2 protein chains.
Amino acid sequence: MSVLKPAQLSVSATKRRQIVDAAIAEFQENGFAGTSMDRITERACVSKRTVYNHFENKEALFHAIIELIFEQFSETVTLSYIPGKPLRPQLVELGRAEGKLLMSESFMRLVRMAMGETMRDPALAVKMNERAEACTVFSCFMAGARDAGAMPGIDPAEVSEQFLGLIKARAFWPYVLRSNAIDAETMEAIVQSSVETIMARFAPDTE
Amino acid sequence: MSVLKPAQLSVSATKRRQIVDAAIAEFQENGFAGTSMDRITERACVSKRTVYNHFENKEALFHAIIELIFEQFSETVTLSYIPGKPLRPQLVELGRAEGKLLMSESFMRLVRMAMGETMRDPALAVKMNERAEACTVFSCFMAGARDAGAMPGIDPAEVSEQFLGLIKARAFWPYVLRSNAIDAETMEAIVQSSVETIMARFAPDTE
DNA sequence: CAACAAGTAAACTAAACAGTTTACATGGGG
DNA sequence: CCCCATGTAAACTGTTTAGTTTACTTGTTG
């Protein structure tokens, strides 16, 4: 039992990394049922037994990977409302952060695959449910704005859902269904227009 | 070659119907890769050769079915703007029609599966792209409202996308990802609030 | 009713798959 | 320096799959 510090290359748990990387790619490209352990093995440049030493079976490998990717992305959008500063530019900033995530090729591939698998695998749906609390960031932001008097009397959950909805309607949804990539310019316009709508409804007096 | 009129039971193209029904169920339950032709055969109470007489292969059967279901649903939301009548109740009506579709169990199952398959099958993405023009209904409605002076100066596409986005953010998206069913009461509240927001932004003077 | 299109059951092929086993290699810590 | 965690290659099991073939039956139409 080695007691290596995490920063080190940990000998040949590099293997684990190779497996995980290969599995991510394969699952993203072919979904769960469409991916074979043999292909993962080959892509990872690793023996099949090694794969089964690290992960009990295909299902376990799949779940480990979903967990991992969600972890990686849940750290992306982190902003909170700063009292005193005007609301509009802060909303724009928040929208841009979300936009950046939605423009990530790999994130979108993951989401598309995961959606398709929630049907086959109810446990995955539960996992996604828990992780989907990234939306909490938005909710907390709106609560902060309300408490500071910038958006008096609103329901933070409702406003954050509407704001996210406006952005996703044009930046996320079309991308998921039709593989329409979105350029930075369009994304900026979407964010601006979404902020405009939210302000008109929930902070009409400002400005 | 029989020349039977469509209304008739067309002898044993009943078989075709059985195959299609079974395939719809299996594909919705297990996705493309997860579905076997044998299971379709069995569920259809039909011989395997019969399946292959009607559809060249699994892929062809899958595409025929996607086509079919989209056809079936593209007729659901059909409303156009009526000049003279006030805008708000008409928007509510439009929102309710969309809501009804989103509350359909079978439609949502299809969408979830289809999303997962768009990755594996680019041709499917193209097909969904074409079909997604159901959104045209919304766009035309908004254009009608603009031309009648109810929402002056708007971009119909933008408004329709925002309206749809607001509804889907709470009625569609959570359902897709987390299998959260939505009751009629909640749906009505969502429609009302979405209309409110759209009015605040794009028709503020009215009322 | 004869003939043919369409259906049936069941066995078959060839490939892919998840997961196991075997016999062997290696390299780093005690 | 020796030992054992861990890794490797490759063959193997048992199952599942898409798609074919064969020998036979049925129902509709001319």
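Quick note on labels: first sequence line is chain A, next is B, and so on, each numbered from 1. Nothing here was measured: the structure is a model prediction, and the numbers come from that model.
Checking the phosphate oxygens (OP1, OP2) of dG7(C), a side-chain nitrogen or oxygen of H54(B) falls inside 4.0 Å. At dA18(C), none of the side-chain N or O atoms of N57(A) fall inside 4.0 Å of OP1 or OP2 (strictly under the cut-off). Between K15(A) and dG7(D) there is no side-chain polar atom (N or O) within less than 4.0 angstrom of OP1 or OP2. Between S47(A) and the phosphate of dA9(D), there is no side-chain N or O to OP1/OP2 separation shorter than 4.0 Å. OP1 or OP2 of dT17(D) lies within a sub-4.0 Å distance of a side-chain N or O belonging to R39(B).
Going from atom CG of N30(B) over to atom P of dT16(D) covers 14 Å, rounded to whole Å. Computed from coordinates, the R17(A) CZ to dT6(D) P distance equals 20 Å when rounded to whole Å. With rounding to whole Å, I40(B) atom CD1 is found 13 Å from dG19(D) atom C1'. If you measure from atom CG of L61(A) to atom P of dG19(C), you get 10 Å, rounded to the nearest angstrom. Taking atom CD on E59(A) and atom P on dC17(C), their separation rounds to 17 Å, with Å as the unit. Atom CZ of F27(A) and atom P of dA18(C) are 9 Å apart (whole Å). Q18(B) has its CD atom 17 Å from the P atom of dA6(C), to the nearest Å. Between the NZ atom of K58(A) and the P atom of dC17(C) there is a distance of 8 Å, given to the nearest Å.
The nucleotide dC24(C) finds its pairing partner in dG7(D), both defining distances of the Watson-Crick or G-U wobble pair being shorter than 3.5 Å. In this structure, dT16(D) forms a base pair with dA15(C), meeting either the Watson-Crick or the G-U wobble geometry with both donor-acceptor distances under 3.5 Å.
Using a 90° window around 0 for the glycosidic torsion, dA6(C) falls outside it and is classed as anti.
The number of heavy atoms from other shown groups lying within 6.0 Å of CD (E42(B)) does not exceed 12.
Using cut-offs of 30° and 60° on the angle between ring planes, the pair F172(B) and W173(A) is perpendicular.
Checking dG7(D), dA18(D), dT8(C) against the side-chain heavy atoms of S36(B) singles out dA18(D) as nearest. Ranking dA18(C), dG7(C), dA18(D) by closeness to the T50(B) side chain, first place goes to dG7(C).
Side-chain N/O atoms of K48(A) and base N/O atoms of dG19(C) include a donor-acceptor pair closer than 3.5 Å.
Mapping F32(A) and N53(B) onto DNA chain C via the closest heavy atom, the residue that lands nearer the 5' end is N53(B). In terms of position along DNA chain D, the nucleotide closest to Y52(B) lies nearer the 5' end than the nucleotide closest to the other residue of the pair R49(B) and Y52(B).
Side-chain atoms of Q192(A) and E196(A) include no donor-acceptor pair closer than 3.5 Å.
Ionic pairing of R96(B) and E93(B) is present here: one or more N-O contacts between side-chain nitrogen and carboxylate oxygen are shorter than 4.0 angstrom.
Atom CD of residue E117(A) and atom NE2 of residue H63(A) lie 10.0 Å apart, to the nearest 0.5 angstrom.
Using a 4.0 Å heavy-atom distance criterion, T41(B) is classed as making no nucleic acid contact.
For the pair R170(A) and Q162(B), the minimum side-chain heavy-atom distance is below 4.5 Å.
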